[in-house]
K.L.:
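Take a look at this one; I'll ask things after.
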Amino acid sequence: MALTGRAALLAALGSLPVGIWAPDWTGVLAVDGALAVACACDYALAAPVRRLRLSRSGDTSVRLGETADVTLTVTNPSRRPLRARLRDAWPPSSWQPGTEATASRHSLTVPPGERRRLITRIRPTRRGDRRADRVTIRSYGPLGLAARQATHQVPWTVRVLPPFTSRKHLPSKLARLRELDGRTSVLTRGEGTEFDSLREYVPGDDTRSIDWRATARQTTVAVRTWRPERDRHILIVLDTGRTSAGRVGDAPRLDSAMDAALLLAALASRAGDRVDLLAYDRRVRASVQGRTSVDLLPSLVNAMAPLEPELVETDARGLTATVLRTAPRRSLVVLLTTLDAAPIEEGLLPVLPQLTQRHTVLVAAVADPHVARMSASRGTTDSVYEAAAAAQAQEERERTADRLRHHGVTVVDATPEGLAPVLSDAYLTLKSAGRL
C-alpha cells in the first residue's frame, strides 16, 4: 500500500495540535489510528491494477523530426472504478528535451467493465527503433489517501526513418532530367545515348548527328535526336565505418550520406534506372536489391533507419569484393565515404583498379563547413593559426580527390546541405555524357 501526499499532510496536521494539549499522547494515537483505518479503507476501495488489460495501437513508423501517436487502451475488468495516474515510459531519445515529464504522464478514470484510450505523442531525436519500455499505473481510492501501484509490459515499436530533407530539390532535378530525355527542346548526344527521332536541321546542330540516308529521301537535312539510355544499374554504397561517425554540424556524416543517397535514388528511379543499396564496414549492414520504382524509396528508408556508424576501420578489400558480387555487370557505383587521406590511400586506392576496370565509380564525401570558415578567419594570432591549419586540411583533401580522379573516379565533395543536390547533378552529368 502506498500512502499519498494527502495522507501524510493529514497525519501532520492532525498530530501536532493534539500532541500539545494531550501530553500523554492518547489523542495523537487516536487521530493516527483513525487515519490508518481511513487509509486502509481507501486502499481496499481502489481498483486493482494487476488485473487491468492494456493494449497498444497507432503509428509504427515516423520520419525523424516528426511526431508519432501511440494509443494505449486501458480496460478495467473489476467492479470498482479506476481513478489512476499513468506513466507510459519510452527511451529518452523518444522525446524532445524537457517534454518527457508532461508527454508521458496521463490521468484517467475508467468505470467498471469499461475501457479508455490514451494517446502518447512521441517526437524522436534519433533514427532507429524506439521500443516502449513499461507502463506504470497508480490506482487511487475515493479519498485519495492510499493507492495501489503496478507495472505492465505493453510492447510496441516505432521505427524512426531518415528525414529526407533533400526532397525539396527533387522537382528541379526532374526538370533537368526531362530535358535530357528529349521531352523539351534541349537535346543531348553522347556515347551511351539511344536514338530517339529525326527532325529538320537547324543552325548550331552537331553535324555528326546528320542522318544522310534520311536526308537523301527528303528535301531537307535531317538530324538524329538522342536521349540517355534507360535501365542502367546504380549501386549506392554507404560506408558505415568509423569515419561516418564524425559529426558535421548536429548530425553524423552518415546521416548526410543517407539523405544524398535518397535523393539520388529517387531521381535515378524516375530516369528508368535500377537502384540498389549496400551498407558496409567489415560486413554487410544493409542491402536493398531488385526493388521496383514504387517500392524503392520505402525499402531504402526502412533499411537505413536502424543503421548506426560502427567504430571500426572499413575493410576496403571486403567492400570491393562485395560490390563486385552485387554488381557483376557494368554499373555506376556511388561510394559515399570520406576523403580523409589515410583511409583512402591505405584502404581504397590499392583496390580501386578492380572497381574502375568494370564499373563507373563516383566517390562522394561530406565536407565540414567549419573548416572553410576557419580558413577565412583573420585578425588575431589564434585565428591565423586556425586559418593555416584549415588551409592545410583543405589542400590535403584536394590532393586525395586528385588521386581518385587520376584513376578515372568522379569526385563530389560538398557540405551536408549541398551534398545531395551536387551528387544528383553529377549523376545527371554522367548520364548526359553517356558514361552510364
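FYI, side chains are in, hydrogens and waters are out, and symmetry mates aren't considered; it's all heavy atoms of this structure.
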K.L.:
Apply side-chain contact (heavy atoms from CB on, under 4.5 Å) to residues L267 and L177 and explain how you reach the verdict.
P.N.:
CA-CA 8 Å; L267 180 62; L177 178 64; 4.1 Å; yes
K.L.:
Is it true that the side chains of T157 and D129 contain a donor and an acceptor less than 3.5 Å apart?
P.N.:
no
K.L.:
Would you say the side chains of S383 and T380 form a donor-acceptor pair under 3.5 Å?
P.N.:
yes
K.L.:
Taking all heavy atoms of S432 and all of T429, pick out the closest pair and write down the distance.
P.N.:
OG-O, 2.9 Å
K.L.:
Can you name the nearest heavy-atom pair linking V158 to A68, along with the distance?
P.N.:
CG1-CB, 4.3 Å
K.L.:
Considering all heavy atoms of both residues, which atom of R63 and which atom of P163 are nearest to each other, and what is their separation?
P.N.:
CD-O, 3.8 Å
K.L.:
Do any side-chain atoms of residues 305-314 form donor-acceptor pairs under 3.5 angstrom with protein atoms, and if so which ones, sequence neighbours left out?
P.N.:
from	atom 1	to	atom 2	distance (Å)
E313	OE1	R242	NE	2.6
E313	OE1	R242	NH2	3.3
T314	OG1	D239	OD1	2.5

K.L.:
Does R405, at its CZ atom, have more than 12 non-hydrogen atoms belonging to other residues, nucleotides or ligands within less than 6.0 Å?
P.N.:
yes
K.L.:
Report the distance from atom NE2 of H370 to atom CG of D368, rounding to the nearest 0.5 Å.
P.N.:
7.0 Å
K.L.:
With side chains defined as the heavy atoms from C-beta onward, is the minimum distance between V237 and V333 less than 4.5 Å?
P.N.:
yes
K.L.:
To the nearest 0.5 Å, what is the distance between CG (L349) and CD1 (I344)?
P.N.:
6.5 Å
K.L.:
Can you tell if the side chain of I234 reaches within under 4.5 Å of the side chain of Y427, non-hydrogen atoms only?
P.N.:
yes
K.L.:
Spell out, as yes or no, whether a donor-acceptor pair under 3.5 Å connects the side chain of R87 to the backbone of I137.
P.N.:
no
K.L.:
Kindly give the heavy-atom pair with the smallest separation between S256 and V366, and that separation in Å.
P.N.:
CB-CG2, 3.9 Å
K.L.:
With the side chain counted from C-beta on, respond yes when V49 and Q149 share a heavy-atom pair under 4.5 Å apart, and no when they do not.
P.N.:
no
K.L.:
Is there a donor-acceptor pair under 3.5 Å between the side chain of D59 and the backbone N or O of V70?
P.N.:
no
K.L.:
Please tell me whether S299 and R291 have a donor and an acceptor in their side chains that are separated by less than 3.5 angstrom.
P.N.:
yes
K.L.:
Is there a side-chain contact between D425 and K173 in this structure, where contact means two heavy atoms from C-beta onward sitting under 4.5 Å apart?
P.N.:
yes
K.L.:
After noting the C-alpha distance and the side-chain angles of L263 and L170, does the key distance pass the side-chain contact (heavy atoms from CB on, under 4.5 Å) rule?
P.N.:
CA-CA 7 Å; L263 181 62; L170 187 57; 4.0 Å; yes
K.L.:
Within the side chain of W90, is there an N or O that forms a donor-acceptor pair under 3.5 Å with the backbone of E100?
P.N.:
no
K.L.:
Report yes or no: does T338 contribute a side-chain atom to a donor-acceptor pair with the main-chain N or O of D340 at less than 3.5 Å?
P.N.:
yes
K.L.:
Give a yes-or-no answer on whether the side chains of D273 and H233 include a donor-acceptor pair shorter than 3.5 Å.
P.N.:
no
K.L.:
Say whether S244 and R253, considering side chains only, have a donor N or O and an acceptor N or O under 3.5 Å apart.
P.N.:
no
K.L.:
Within this structure, what is the CG-OG1 distance for the pair L278 and T240, rounded to the nearest 0.5 Å?
P.N.:
9.0 Å
K.L.:
Could you verify whether a donor N or O on one side chain and an acceptor N or O on the other, from R115 and N76, lie under 3.5 Å apart?
P.N.:
no
K.L.:
Is any side-chain heavy atom of V409 less than 4.5 Å from a side-chain heavy atom of L362?
P.N.:
no
K.L.:
Taking the side chain as everything from C-beta on, heavy atoms only, tell me whether L108 gets closer than 4.5 Å to L118.
P.N.:
yes
K.L.:
Only one of R121, R56, R134 clears salt bridge (Lys or Arg N to Asp or Glu O under 4.0 Å) with D88; which?
P.N.:
R56
K.L.:
I need the minimum non-hydrogen distance between P142 and R83, along with the two atoms involved.
P.N.:
N-NH1, 3.8 Å
K.L.:
Between H106 and T120, do the side chains contain an N or O donor and an N or O acceptor separated by less than 3.5 Å?
P.N.:
yes
K.L.:
Between the main-chain N or O of S93 and the side-chain N or O of T125, is there a donor-acceptor pair closer than 3.5 Å?
P.N.:
yes
K.L.:
I need the W156 CH2 to R131 CZ distance, nearest 0.5 Å.
P.N.:
13.5 Å
K.L.:
Which distance, rounded to the nearest 0.5 Å, do you find between the CE of M258 and the CG of L238?
P.N.:
6.0 Å
K.L.:
What I want to find out is whether R403 reaches E398 closely enough, with some N-O distance under 4.0 Å, to be called a salt bridge.
P.N.:
no
K.L.:
Looking at R282, I want to see if its CZ is surrounded by more than 12 non-hydrogen atoms of other residues, nucleotides or ligands under 6.0 Å.
P.N.:
yes
K.L.:
Give a yes or no on this: more than 12 heavy atoms of other residues, nucleotides or ligands lie within 6.0 Å of atom CZ of R105.
P.N.:
yes
K.L.:
Are E114 and R116 ion-paired here, with the side-chain N under 4.0 Å from a carboxylate O?
P.N.:
yes
K.L.:
Is the backbone of R329 close enough, under 3.5 Å, to the side chain of S331 for a donor and an acceptor to pair up by distance?
P.N.:
yes
K.L.:
S269 side chain to A265 main-chain N or O, any donor-acceptor pair under 3.5 Å?
P.N.:
yes
K.L.:
Taking the six-membered ring of Y280, is NZ or CZ of R285 closer than 6.0 Å to its centre and within 45° of its axis?
P.N.:
no
K.L.:
Measuring from S424:OG to L264:CG, what's the distance to the nearest 0.5 Å?
P.N.:
5.5 Å
K.L.:
Please lay out, stage by stage, how L419 and V412 fare under the test side-chain contact (heavy atoms from CB on, under 4.5 Å).
P.N.:
CA-CA 8 Å; L419 181 64; V412 171; 4.0 Å; yes
K.L.:
Please check: side-chain N/O of R127 versus main-chain N/O of M304, any donor-acceptor pairing under 3.5 Å?
P.N.:
yes
K.L.:
How close do Y140 and A84 get, counting heavy atoms only, and between which atoms?
P.N.:
CD1-CA, 4.3 Å
K.L.:
Take a 6.0 Å sphere around CD of Q392 and say whether it holds more than 12 heavy atoms from other residues, nucleotides or ligands.
P.N.:
no
K.L.:
For L324 and R358, run side-chain contact (heavy atoms from CB on, under 4.5 Å): C-alpha distance rounded to whole Å, both residues' side-chain angles, the deciding distance at 0.1 Å, then the answer.
P.N.:
CA-CA 9 Å; L324 294 176; R358 185 183 298 180; 4.0 Å; yes
K.L.:
Quick one: does any side-chain atom of T326 pair with a main-chain N or O of T322 as donor and acceptor, under 3.5 Å?
P.N.:
yes
K.L.:
Would a 4.5 Å heavy-atom cut-off, applied to side chains only, mark L348 and L319 as touching?
P.N.:
no
K.L.:
Donor-acceptor pair, R148 side chain versus A46 backbone, under 3.5 Å?
P.N.:
yes
K.L.:
Could you tell me whether the side chains of S293 and R270 share a donor-acceptor contact shorter than 3.5 Å?
P.N.:
no
K.L.:
Check whether any side-chain heavy atom of P48 sits under 4.5 Å from a side-chain heavy atom of S78, and report yes or no.
P.N.:
yes
